[in-house]
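The analysis underlying the following values was restricted to heavy atoms, covering all of them including side chains, and did not include hydrogens, waters or symmetry mates. Chain letters run A, B, ... following the sequence lines, proteins first, then strands; residues in each count from 1.
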Protein chains: 2
Amino acid sequence: MSTSFATSKRRTNPDFLNGVPELVVLELLSQRPMYGYELVQAIKEASGETLEFGEGCIYPLLHKLAERGDLSSRRIDVGGRSRVVYRVTTKGHKQKAQSQAQWSQVVSSVGRILQGGKYEHAKTA
Amino acid sequence: MSTSFATSKRRTNPDFLNGVPELVVLELLSQRPMYGYELVQAIKEASGETLEFGEGCIYPLLHKLAERGDLSSRRIDVGGRSRVVYRVTTKGHKQKAQSQAQWSQVVSSVGRILQGGKYEHAKTA
DNA sequence: GACGATACCTATTGGTTTGAGGTATGTCCA
DNA sequence: TGGACATACCTCAAACCAATAGGTATCGTC
């Protein structure tokens, strides 16, 4: 009908191929509030050294999430050192649930595609 | 020490948080050779509409993989239209196996972290 | 002959991650 | 005393990838 453009270029895709750090941060912080430095190591440990997001990745991410309202932050002092402790807000929990759902979708979709290869041996070459 | 210090930014981390398109392309093409346009739709279909990588993502990726030697390409003509059919090389199969292994690692690590939340209810407040 | 589908392509933009820096305090111990 | 190291925060520049948006050309059909 209208001036063509039936090719809906809109973004239905999970832009979640990168956002793994975000999901992990939201999850770990929802398990227990932490400060940045702690979180960096918690990710490393909880993933069995598989995931190693540096501080240069985590700190900006925390700031972004806090600014977006998914995290609240509170500065405390412990032995002369100052820490910024982050906690997941209600909004953050919703966001987390959404991110998690998208991640699951991607994982299962990719999984199905990869599985597909296993039974494809009958393809006569 | 010396002057230049070519700021070499090497990546030790699984830079595989993004590379999903690459893995999917290698997998689908190893199931059966395809041309770009076909592949774009095959991804969409095989993933149940979950993954929708546009042509602007797939074509450059195919070129990159071909240049890297993971894919071989062959141009054919069908009814006046020309298609470039891609096929996974031996090198590409090795690359695929590696990518797949890394992906599995990431998936299971993230999975373990997400699972962790389910049994964390006993965390004494 | 306009339109939509097929089939290829590239360039620009935008968001993420990386790597490398920088500041400052506390602890250990020689 | 001071050096090394861990803790704890931060930011910037480069690199990377994917998304978007363009562009060309052929074919079938209405």
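Between the CG atom of A:Leu65 and the P atom of C:dT17 there is a distance of 10 Å, given to the nearest Å. If you measure from atom CD of A:Glu52 to atom C1' of C:dT17, you get 14 Å, rounded to the nearest angstrom. Rounded to an integer number of Å, the gap from B:Phe53 CZ to D:dT20 P is 12 Å. If you measure from atom CD of A:Glu22 to atom P of C:dT16, you get 7 Å, rounded to the nearest angstrom. Following rounding to the nearest Å, B:Glu55 (CD) and C:dA7 (C1') show an atom-to-atom distance of 8 Å. For B:Lys44 and C:dA5, the NZ to C1' distance is 13 Å, given to the nearest whole Å. Rounded to an integer number of Å, the gap from CG of B:Leu23 to C1' of D:dA18 is 16 Å. Straight-line distance from the CD1 atom of A:Ile58 to the P atom of D:dT11: 14 Å, rounded to whole Å.
The shortest non-hydrogen separation linking B:Gln31 to A:Gly116 is NE2-C, 3.7 Å. Contact record, A:His93 with A:Val88: N-CG1, 3.5 Å, taken as the closest heavy-atom pair. Here the closest non-hydrogen pair linking A:Asp77 and A:Ser82 is OD1-CB, 3.6 Å.
Between A:Tyr59 and D:dC9 there is a side-chain polar atom (N or O) within less than 4.0 angstrom of OP1 or OP2. Distances shorter than 4.0 Å separate some side-chain N or O of A:Lys64 from OP1 or OP2 on C:dT16. Regarding contacts with the backbone of D:dT11, a side-chain N or O of A:His63 is found under 4.0 angstrom from either OP1 or OP2.
Heavy-atom nearest nucleotides on DNA chain D were determined for B:Gly56 and for A:Val85, and the one closer to the 5' end corresponds to A:Val85. Between A:Pro60 and B:Tyr86, it is B:Tyr86 whose nearest contact on DNA chain C lies nearer the 5' terminus.
Near DNA chain C, defined here as any heavy-atom distance below 4.0 Å, there are no residues from residues 35-43 of chain A. For DNA chain C, the residues of residues 66-81 of chain A within the heavy-atom distance limit of 4.0 Å (strictly under) are A:Gly79, A:Gly80, A:Arg81, sorted by number.
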May I have the list of side-chain donor-acceptor pairs in residues 36-46 of chain B shorter than 3.5 Å, sequence neighbours left out?
unit_1, atom_1, unit_2, atom_2, d
B:Glu38, OE1, B:Tyr35, N, 3.2
B:Glu38, OE2, B:Arg32, NH1, 2.8

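Between the side chains of A:Gln98 and A:Gln102, no donor-acceptor pair of N or O atoms lies under 3.5 Å. Side chains of A:Ser99 and A:Gln95: a donor-acceptor N/O pair is present below 3.5 angstrom, by distance only.
Side chains of B:Trp103 and A:Leu114 form a contact here, defined as non-hydrogen atoms less than 4.5 Å apart.
Set against C:dT18, D:dA18, D:dC10, the side chain of B:Cys57 has D:dA18 as its closest nucleotide.
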Evaluate the criterion side chain to side chain contact (heavy atoms under 4.5 Å, CB included) for residue pair A:Ile113 and B:Leu23; output intermediate values, then yes/no. CA-CA 10 Å; A:Ile113 290 173; B:Leu23 174 57; over 6 Å; no
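The neighbour count for B:Lys91 NZ, taken as heavy atoms of other residues, nucleotides or ligands under 6.0 Å away, is above 12.
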